Undergrad: 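Please read through the structure below; I'll follow up with questions.
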There are 2 protein chains.
Amino acid sequence: MTDASLVVGALDAAGYRLTAPRRALAALMAAINGPFTAARVVDEARGRGLRVGRATVFRTIDALERAGAIERLDLPSGDHAYVACAPAHHHHVVCSGCGRTAEVADGDLAALVGEIGRRTGFRIDEHRLELFGSCPACVEAAGGGDA
Amino acid sequence: MTDASLVVGALDAAGYRLTAPRRALAALMAAINGPFTAARVVDEARGRGLRVGRATVFRTIDALERAGAIERLDLPSGDHAYVACAPAHHHHVVCSGCGRTAEVADGDLAALVGEIGRRTGFRIDEHRLELFGSCPACVEAAGGGDA
DNA sequence: GTTTTTGCAAACCATTTGCAGGGTC
DNA sequence: GACCCTGCAAATGGTTTGCAAAAAC
């Protein structure tokens, strides 16, 4: 759950027009905690009676991604999901039980990436780190076992 | 470019039947260096006169992935690609210029993942690290500039 | 001989695009 | 007022499925 105004603000800052559908979708996405798929957004929107077309959902997701307000996640299943998050470079830990996410600062990964570049001889421009597991609540609920 | 017999062997070890289409597709994938998409495999197969249906390509890719002979890559574009690789846990560096890849041992990432688990309170079961950049040859070709 | 696998074609699902009307700056 | 954005519906492209014949074990 992120503040919807942050999402809208990012859109504004990136030069996108603040239209009703975008505001509504931004609020909707900010209200979801955990990763959501485009289909999920379409469904939620329908459920709330928003009259937005599929195309607008995809276009808005695209705009929000460009604006840095949401980020794409590649789930182990192969599906694409998105999470509302801060624009700074970071990574996500996703709970496979409840879908909750936590952001992780890049931290020491930068050093590791540098080291990998040195060892392989590649010039590394970009990296993605995604972590999956169980959040504290789900670990608790499962008695320390699986989620 | 991996040895096709390794790929076939992995299928065998995982209990899959060794059929002609699977052998042919395994050889084809092993011969490609760099990541390949399902569509690419379908095309190459057609080009070589293999009479395999799309479905078989997808099913074989699935089998090979389960067998640990190939691994899925999530390209920055959002497309799914695969690479033939060793079954041990590792990560990939992909050249955005020529598609060449290098495998990177998990190495110090394990420690970093542990640290992240401690900081977030999540029990981390799985992680994916993907790196993108330019391989030595492409860096060279571009005079040290972009790929 | 039993069970898995294949090819084909149709079905499916997610995502994109063209276009005319409407809203934002 | 100019330009961006929206909804709709159709087009697209990738992936899966049902099924009878064929192959592997």
Side-chain angles (χ1 to χ4, degrees), chain A residues 7-29 35-67 69-82, chain B residues 7-29 35-67 69-82:
Chain A
V7 181
V8 174
L11 266 188
D12 194 17
Y16 289 99
R17 296 201 172 162
L18 303 182
T19 65
R22 285 184 178 158
R23 288 175 191 279
L25 289 175
L28 196 162
M29 296 184 208
F36 51 85
T37 61
R40 165 92 184 277
V41 174
V42 171
D43 289 346
E44 292 278 340
R46 286 235 169 94
R48 300 190 185 192
L50 298 180
R51 201 155 24 310
V52 294
R54 269 175 298 284
T56 299
V57 170
F58 283 98
R59 286 186 282 229
T60 301
I61 285 179
D62 189 55
L64 287 171
E65 195 180 3
R66 286 174 201 281
I70 65 177
E71 210 166 276
R72 198 188 70 229
L73 228 50
D74 299 303
L75 301 182
S77 67
D79 291 332
H80 288 161
Y82 299 84
Chain B
V7 181
V8 174
L11 266 187
D12 193 18
Y16 289 100
R17 295 196 175 167
L18 303 183
T19 65
R22 284 184 180 158
R23 289 175 190 276
L25 289 174
L28 196 161
M29 295 183 208
F36 51 86
T37 61
R40 166 91 184 277
V41 175
V42 172
D43 288 346
E44 294 274 344
R46 286 235 169 94
R48 300 190 186 194
L50 299 180
R51 205 158 18 316
V52 294
R54 269 175 298 284
T56 299
V57 170
F58 282 99
R59 288 186 281 228
T60 300
I61 285 178
D62 191 53
L64 287 171
E65 194 178 6
R66 287 175 201 281
I70 63 174
E71 210 167 275
R72 196 188 72 231
L73 230 51
D74 299 304
L75 301 182
S77 66
D79 291 331
H80 289 162
Y82 299 84

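Side-chain atoms are counted along with the backbone in the values below, which use heavy atoms only and exclude waters and symmetry mates. Residue numbers start from 1 in every chain, and the chains themselves are labelled A, B, ... in the order their sequence lines are given, proteins ahead of strands. Computed from a predicted structure; not experimentally measured.
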Undergrad: Produce a footprint string for nucleotides 16-25 of chain C: one letter per nucleotide, 5' end first; B if the base is under 4.0 Å from any protein heavy atom, S if only the sugar-phosphate is, - if neither.
TA: BBB----BBS
Undergrad: Can you tell me how far CG of Leu64(B) sits from CG of Leu25(B), rounded to the nearest 0.5 angstrom?
TA: 8.0 Å
Undergrad: Please list, chain by chain and in numerical order, all residues satisfying side-chain hydrogen bond (donor to acceptor under 3.5 Å, both in side chains) with Arg54(B), sequence neighbours excluded.
TA: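 Partners of Arg54(B) under the side-chain hydrogen bond (donor to acceptor under 3.5 Å, both in side chains) test: none.
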Undergrad: Only counting residues at least two apart or in another chain, list the ones meeting side-chain hydrogen bond (donor to acceptor under 3.5 Å, both in side chains) with Arg48(A).
TA: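 Partners of Arg48(A) by the side-chain hydrogen bond (donor to acceptor under 3.5 Å, both in side chains) criterion come out as none, since no residue qualifies.
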Undergrad: Apply the test side chain to side chain contact (heavy atoms under 4.5 Å, CB included) to residues Leu50(B) and Leu28(B): give CA-CA distance (whole Å), side-chain angles for both, the deciding distance (0.1 Å), then the verdict.
TA: CA-CA 10 Å; Leu50(B) 299 180; Leu28(B) 196 161; 4.0 Å; yes
Undergrad: Take the protein atom CZ of Arg40(A) and the nucleotide atom P of dA14(C), then report the distance between them rounded to whole Å.
TA: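 Taking CZ of Arg40(A) and P of dA14(C), I get 14 Å after rounding.
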Undergrad: Could you note down all residue pairs passing salt bridge (Lys or Arg N to Asp or Glu O under 4.0 Å) where residues 55-66 of chain A supplies at least one of them, sequence neighbours left out?
TA: Asp62(A)-Arg66(A)
Undergrad: First and last nucleotide of DNA chain D touching chain B, 5' to 3', heavy-atom cut-off 4.0 Å?
TA: dT15(D) to dC25(D)
Undergrad: With rounding to the nearest 0.5 angstrom, report the CZ to CG distance, Phe36(B) to Asp43(B).
TA: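 Taking CZ in Phe36(B) and CG in Asp43(B), the distance rounds to 13.5 Å.
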Undergrad: Show, in sequence, the C-alpha distance, side-chain angles and deciding distance for Asp74(B) and His80(B), and conclude whether the side chain to side chain contact (heavy atoms under 4.5 Å, CB included) test is met.
TA: CA-CA 5 Å; Asp74(B) 299 304; His80(B) 289 162; 3.1 Å; yes
Undergrad: Please give the angle, rounded to 10 degrees, between the axes at the start and the end of the helix from dG1(C)-dC25(D) to dC25(C)-dG1(D), where five pairs define each axis.
TA: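 So the angle between the two local helix axes works out to 50°.
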Undergrad: When you look at Leu11(B) and Arg22(B), which way does the side chain to side chain contact (heavy atoms under 4.5 Å, CB included) test go after all the steps?
TA: CA-CA 9 Å; Leu11(B) 266 187; Arg22(B) 284 184 180 158; 3.9 Å; yes
Undergrad: Please tell me which of Ala39(A) and Gly15(B) maps to the more 5' nucleotide of DNA chain C, matching each residue to the nucleotide holding its nearest heavy atom.
TA: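 Per heavy-atom nearest nucleotide, the more 5' residue is Gly15(B).
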Undergrad: Quick one: do Ile61(B) and Val57(B) satisfy side chain to side chain contact (heavy atoms under 4.5 Å, CB included)? Show the steps, please.
TA: CA-CA 6 Å; Ile61(B) 285 178; Val57(B) 170; 4.0 Å; yes
